[in-house]
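Below: one structure, written as structure tokens.
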Amino acid sequence: MTAATRRRYGGARLLLFVLSAVTASVEANPAELAGALSLDAAISLAHRSRAETRVVAARVDAARERPAIVAALDDPVLAPSIDHKPVDPMMKTDRSITFEQSFPLSRIRSHRRRAAEADVDKYVGEAGKSALKIEADVGQAFFMLNERRKTHATLGRQLGLARDIVKLAAARHAVGSAPQAEVLRAEIEVARLRTRQAAILAETRAAEAMFNTALGLQPGVPVPALQVEGIQERLSLVPGLPAALETALRRRPEFRMTDAEIRRARAEIDVMKSMYQPMVMVRAGMADTMTAGRGYMLMVGVSVPIWGARLRAGVREASAMAAMAEADREAMVRMIDGEVAATLESLRGAVATNLAFRDELLPRAERAAGSAMTSYASGGLPLASVLEANKALWSIQEEAVMAEASLGMAWVRHRSAIGHFGGIP
């Protein structure tokens with residue numbers, strides 16, 4: 001077997017290995033979705049599956065190498081030289097070789113290390129910001145899918161009730177107590193609900209595709225049932241404003257990023273001030289001349305930082321950048337405080353709306369629809385009153401589902417504002 005053939009077979013084996021690994025990882029994803037999927041489990045799965053997590057992790061790993069790079073000495077210079085080559089071939093050539101290294105007399109290398117370490121914290125903050133966005137994406141997709149599925153189930157119950165009305169109207173028509181128009185009118189409601197149910201089913205599939213995308217999976221992966229038992233109680237826990245602000249101050253990655261910017265700016269000030277100090281250059285080597293033979297050389301030089309205007313401008317520039325970073329942090333504190341307060345009030349409003357639908361509006365609408373059906377069966381009410389009562393019930397049922405979804409979305413916005421999707425410690 002030739003070398004080219006071996007290379008081709010080796011490349012084919014490598015390609016098959018990669019494809020099998022990818023296939024195994026794709027096939028492993030649906031297994032992780034077995035059983036009811038809770039919001040916490042969905043967030044954990046997204047952190048493991050989303051490519052953005054690997055991107056920010058690689059960026060942080062790269063930034064952690066930067067302090068060692070910027071704090072190192074400049075590369076030394078090894079310089080062989082022919083100092084004099086006589087024309088006469090009988091005469092000896094003067095040669096030399098030197099080794100040169102520069103050393104700063106200030107702490108500029110340690111200050112540069114501090115600036116690079118501040119950059120590491122900045123990238124860690126960006127990683128936290130990316131993780132927070134992933135959690136918000138998953139939360140929004142979770143509640144949107146739950147709303148679509150609940151709406152579809154609600155339409156199924158509404159369709160069953162509409163068919164009961166058709167049967168009741170047909171029974172009354174059979175005994176001559178209701179005209180055929182009432183049967184046809186009731187059948188129109190059944191057809192309308194079937195049409196809406198088909199549209200909601202398509203929207204549910206779209207929501208499932210978006211949910212899979214938020215999890216970092218293929219859009220066609222089957223999505224199991226969502227575990228939502230007791231989730232409304234968790235969403236309805238509204239913290240006080242001081243506790244929420246304290247959590248935001250500890251959890252929001254933007255604070256870590258702005259603190260890192262301030263530390264970096266201050267380190268850059270020290271770097272520019274260190275440039276007032278000279279650098280030492282040491283050069284040592286050997287020489288071989290035709291007159292003196294072999295010998296050694298040593299040179300020690302010191303840089304002279306005489307361009308004070310440039311150095312002072314550098315310090316002023318770094319000081320201005322530090323002032324800008326501190327002002328930026330102050331502005332961010334005000335912005336986040338307002339965002340936390342606004343999302344907290346929105347969450348309170350969503351909780352109140354959801355409780356009103358669950359405890360007040362929905363039970364009353366169910367009682368009204370049931371009473372109308374009973375009166376229609378006994379001939380006490382016309383079909384229009386029954387349809388009106390049931391339409392009111394259906395509308396309130398769908399609004400209750402939307403109110404629950406709005407509560408989830410308000411919770412996601414509030415948790416994004418405080419920078420934490422778990423329980424407030």
Side-chain angles (χ1 to χ4, degrees), residues 14 17-18 21-22 25 43-79 99-137 216 249-283 303 305 310-311 313-315 317-326 328-329 332 419-420:
L14 178 60
F17 174 78
V18 171
V22 171
S25 65
I43 289 175
S44 299
L45 177 59
H47 281 307
R48 297 194 303 272
S49 303
R50 290 279 289 265
E52 294 92 327
T53 303
R54 299 192 297 274
V55 170
V56 295
R59 185 178 296 137
V60 171
D61 290 341
R64 288 198 174 105
E65 303 301 327
R66 178 56 54 178
I69 297 173
V70 299
L73 289 171
D74 293 337
D75 291 336
V77 178
L78 184 65
F99 179 86
E100 182 178 336
Q101 178 67 64
S102 300
F103 300 92
L105 295 180
S106 63
R107 298 180 57 195
I108 188 172
R109 292 191 300 132
S110 63
H111 298 324
R112 286 174 174 168
R113 177 184 288 274
R114 284 171 45 215
E117 289 171 349
D119 279 341
V120 174
D121 279 348
K122 176 185 175 182
Y123 287 124
V124 170
E126 289 182 355
K129 191 174 180 180
S130 176
L132 194 62
K133 183 181 182 300
I134 289 175
E135 293 170 355
D137 290 344
L249 187 61
R250 289 186 291 107
R251 296 281 189 171
R252 282 292 288 262
E254 289 87 348
F255 286 121
R256 183 168 190 167
M257 294 167 63
T258 54
D259 289 342
E261 288 285 356
I262 292 173
R263 294 202 313 274
R264 176 180 174 78
R266 291 173 179 171
E268 289 293 340
I269 293 175
D270 294 335
V271 168
M272 299 309 297
K273 289 181 177 179
S274 298
M275 291 185 178
Y276 282 102
Q277 303 295 323
M279 293 186 63
V280 173
M281 292 167 287
V282 178
R283 183 187 301 166
S303 64
R310 178 176 64 86
L311 298 176
V315 173
E317 179 189 30
S319 300
M321 295 299 293
M324 183 186 71
E326 291 172 355
D328 185 52
R329 189 184 193 282
M332 183 170 294
H420 183 46

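Worth knowing before you read on, the calculation uses all heavy atoms, side chains too, and leaves out hydrogens, waters and symmetry mates.
The CE atom of M279 lies 9.5 Å from the CZ atom of F103; values are rounded to the nearest 0.5 Å. The distance from the CZ atom of R50 to the CG atom of L45 is 11.0 Å, given to the nearest 0.5 Å.
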Legend entry - Evaluation steps, salt bridge (Lys or Arg N to Asp or Glu O under 4.0 Å), between D270 and K273: CA-CA 5 Å; D270 294 335; K273 289 181 177 179; 5.2 Å; no
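Closest non-hydrogen pair, G128 versus P253, comes out as C-CG, 3.8 Å. Taking each heavy atom of M281 and E100 in turn, the nearest pair found is SD-OE2, 4.2 Å.
Heavy-atom contacts from other residues, nucleotides or ligands closer than 6.0 Å to CZ of R66 number 12 or fewer.
Two residues are said to be in side-chain contact when any heavy atoms from C-beta on lie closer than 4.5 Å; R264 and K122 fail this criterion. At a threshold of 4.5 Å between non-hydrogen side-chain atoms, the residues R107 and R114 do not count as touching. Taking 4.5 Å as the limit, some side-chain heavy atom of I134 sits within range of a side-chain heavy atom of E52. Residues M272 and H111 are not in side-chain contact: their nearest non-hydrogen atoms beyond the backbone lie 4.5 Å or more apart. Counting heavy atoms from C-beta outward, M275 and P305 have side chains that stay 4.5 Å or more apart. Side-chain contact check for D328 versus E261: every heavy-atom pair is 4.5 Å or farther apart. For the pair M324 and M321, the minimum side-chain heavy-atom distance is below 4.5 Å. The shortest distance between side-chain heavy atoms of R256 and D259 does not fall below 4.5 Å.
Between D137 and K133 there is a salt bridge, with a side-chain nitrogen of the basic residue lying less than 4.0 Å from a carboxylate oxygen of the acidic one.
In this structure R310 satisfies the salt bridge (Lys or Arg N to Asp or Glu O under 4.0 Å) test with no other residue, sequence neighbours excluded.
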